J.: 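Below: one structure in structure tokens.
Every chain is numbered from 1, with letters handed out A, B, ... down the list of sequences. From a predicted model like this one, the values you see are computed outputs, not experimental measurements.
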Amino acid sequence: MTEEKIYLYPVWVRLWHLFNAILCLTLIITGISMQFSNPKFPLIAFNVSVSIHNIVGILLCLNYLIFFLGNLGTRNGRYYKLIFPGLFSRLMAQFRYYTRGLFKGEPAPYPINSERKFNPLQQLTYVGSMYILVPVIMVTGWALMYPEVIPSRFLWTSGLHLTDLFHILAAFMVSLFMFIHVYFCTIGKTPFSNFKGMINGYHETH
Amino acid sequence: MVKKLNYRPAWVIFILILFAGIVFILSYSANSKADRTEAAIALKENKPEQKKDYSEHKHATENENCLKCHGQSKYSYENSESKKKNTKKMYTELIINREVFYESNHREFKCIDCHSEDYQTFPHQGNLRMEAKPNCLDCHGGDEKYAKFHFENIEKEFQESAHSEKHSEDFTCWMCHNPHAYKINARSNENIKKTIAYDNAICLNCHGNLSNYQLLTDKANPNLLTKHDWLPNQKLHFLSVRCVECHTKKINDSTLVAHKILPKKEAVRNCDQCHSTNSVLLASLYKYKIKEVRSTKGFFKGVIVNDSYVIGANRNYYLNVLSLIIVGFVILGIIIHAVIRTLN
Ligand code: HEM
């Protein structure tokens with residue numbers, strides 16, 4: 001290990017990510033509150049949830065724009081380019097490391113450096129959530145806000161029903177991603193070093 | 001060569017999105033066409049009539065004696081003094097649209113079943129306008145054949161409704177259920193949206209129409225759009241929910257439509273009352289429809305083919321359990337991983 005600390009998270013990534021995490025958490029909480037609404041035990045009053053969810057959803061879209069344009073215009077985008085040939089075997093190697101090698105103290109198969117910010121599994125989940133799941137949530141979310149754009153029947157069922165299904169399905173997966181994401185962030189030089197990195201910008205190698 | 005491969009999945013995604021877009025646009029245009037026909041049906045009562053053949057109806061010929069004048073906007077007669085032919089305008093309230101009448105519940109009736117036989121002479125006698133008109137219960141009350149409609153319960157609910165309390169005798173069944181036009185809807189209409197539009201049109205006939213509204217009051221009718229501006233997605237609410245869903249209270253579960261119209265302060269205004277598993281919505285029209293679909297098309301279709309979507313109210317028990325199990329496994333996995341990690 002030649003470099004101890006690498007500057008990997010520029011200010012805009014850190015700010016984007018901070019807002020993203022706060023907004024996502026708010027959306028998840030208000031979303032669950034609406035989905036499981038019960039007049040007897042309101043987690044948050046339904047109409048309050050609706051307003052918060054709508055406003056925060058719009059803010060998330062604006063924030064996503066920062067991410068999207070940032071990755072388009074700066075070198076940060078290159079970390080998100082999936083290289084497909086051999087991807088599967090790299091994923092398996094990383095998976096093996098997380099389920100066995102890590103416990104035995106073996107070195108990571110794809111150590112983090114300035115050319116590779118994410119290991120293959122990390123990269124796939126980040127690309128999947130940022131370029132598939134979050135866009136699905138945003139598009140279906142806007143559609144639900146303007147329900148008149150949704151065809152009243154789509155294929156075999158109500159268009160509204162289907163749109164909502166996709167919205168909730170993708171949101172559920174992002175919620176799962178968040179659990180796993182936060183846990184995996186504790187796998188660093190120390191359990192807190194990745195979180196520190198997301199604050200000061202420096203990744204500590206181990 | 002290797003580089004080129006990287007872009008192939010991007011093309012697949014692009015083509016998929018393009019394809020989804022085309023399906024969306026096609027289904028959208030098909031739908032908007034369907035919506036337009038629906039609107040046309042809802043407006044049919046105001047549509048100029050086309051010549052049609054109604055001879056399949058038992059009394060069509062006899063009824064023509066009345067409808068030759070009352071079936072259109074003008075009527076003619078010969079002045080017995082001057083022997084001249086006169087053409088006059090028919091009062092709009094006295095015009096019976098044949099097409100609507102012969103589709104209504106009362107389509108197999110003779111005009112003089114309900115109206116005095118003396119109307120058969122023209123000019124009609126002046127005292128005929130004092131004629132007492134029959135009430136729903138005069139025919140439908142205490143009759144085995146109509147038991148399933150629970151007319152007695154409806155009558156009781158109506159007596160307690162705001163309509164009845166405010167306007168007493170002036171407010172009759174006919175105000176909402178035009179005897180020449182009304183037809184049962186929820187039971188016969190396949191499309192729940194059409195039922196909703198039909199039923200809401202009944203309320204709007206007065207609450208959205210000043211001259212009808214003022215038959216019972218001198219006040220101007222409140223603007224329904226501003227009164228309901230607290231509803232998010234107002235238009236969607238109006239297209240998907242019947243006025244009576246929030247503005248009535250069911251005393252008896254057996255009537256399909258509650259007739260106890262509540263004073264405005266008591267109307268449902270709490271989102272959760274619809275947006276929860278115990279949704280008041282699911283207790284009425286929607287429950288009826290869901291039961292219907294299930295019994296006619298089978299359980300599976302009844303669950304999958306669902307016209308209605310109400311956030312919070314359509315919670316699927318199995319999906320819920322499944323999602324909790326998945327969350328449970330993920331948390332368990334994380335805990336196991338964390339324990340092994342710290343032990344090593
Ligand atoms: C409380 C919630 C969250 C915490 C504590 C957290 C923590 C972290 C940390 C420590 C990192 C840096 C380590 C790494 O690069 O892997 C990171 C990166 C990242 N996180 Fe999160 N995260 C949270 C929520 C989210 C959410 C909701 C999303 C997406 C929907 C997300 C997407 C990302 C992405 C894409 C990166 C890489 C950013 C880059 O360097 O380009 N995170 N997160």
J.: Using non-hydrogen atoms and a 4.5 Å limit, figure out which bit of B/Val330 sits close to chain A: side chain, backbone, both or neither.
T.: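 Side chain of B/Val330 only, per the 4.5 Å heavy-atom cut-off to chain A.
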
J.: I need the B/Ser323 OG to A/Gln35 CD distance, nearest 0.5 Å.
T.: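 The CD atom of A/Gln35 is 8.5 Å from OG of B/Ser323, to the nearest 0.5 Å.
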
J.: So for A/Thr186, is it side chain, backbone, both, or neither that comes closer than 4.5 Å to the heavy atoms of chain B?
T.: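 Contact with chain B is through both the backbone and side chain of A/Thr186.
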
J.: When you look at OH of A/Tyr79, are more than 12 heavy atoms from neighbouring residues, nucleotides or ligands closer to it than 6.0 Å?
T.: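 Yes.
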
J.: Is the number of heavy atoms from other residues, nucleotides or ligands within 6.0 Å of CZ (A/Phe103) greater than 12?
T.: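 Result for CZ/A/Phe103: enclosed.
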
J.: Does atom CZ of A/Phe195 have more than 12 heavy-atom neighbours from other groups under 6.0 Å away?
T.: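 Check passes, neighbour count above 12.
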
J.: Give, as side chain, backbone, both or neither, the part of A/Ile180 having an atom under 4.5 angstrom from any heavy atom of chain B.
T.: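 A/Ile180 touches chain B through backbone and side-chain heavy atoms alike.
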
J.: Verify the distance criterion only: is there a donor paired with an acceptor across the side chains of A/Tyr183 and B/His337 at less than 3.5 Å?
T.: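 Short answer, yes.
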
J.: Rounded at 0.5 Å granularity, tell me how far CG in A/Asn47 sits from CG in B/Asn270.
T.: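 It is 7.5 Å, given to the nearest 0.5 Å.
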
J.: Can you tell me which of A/Phe172, A/Phe184, A/Phe179 forms the most heavy-atom pairs within a distance under 4.5 Å of chain B?
T.: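 Most heavy-atom pairs under 4.5 Å with chain B: A/Phe172.
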
J.: Counting only heavy atoms not in A/Phe118 (residues, nucleotides, ligands), do more than 12 fall under 6.0 Å from its CZ?
T.: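 Yes - once you tally the heavy atoms of other residues, nucleotides and ligands closer than 6.0 Å, there are more than 12.
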
J.: Among B/Ile331, B/Ile340, B/Ile326, single out the residue with the greatest number of heavy-atom pairs under 4.5 Å to chain A.
T.: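 Maximum pair count with chain A is reached by B/Ile340.
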
J.: Considering only heavy atoms and a distance below 4.5 Å, find which of B/Ile334, B/Leu343, B/Val327, B/Leu236 pairs most often with chain A.
T.: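 Top option by heavy-atom pairs under 4.5 Å: B/Ile334.
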
J.: Could you give the distance from CG (A/Asn54) to CG (B/Asn233), rounded to the nearest 0.5 Å?
T.: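 Nearest 0.5 Å value for the CG-CG distance: 8.0 Å.
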
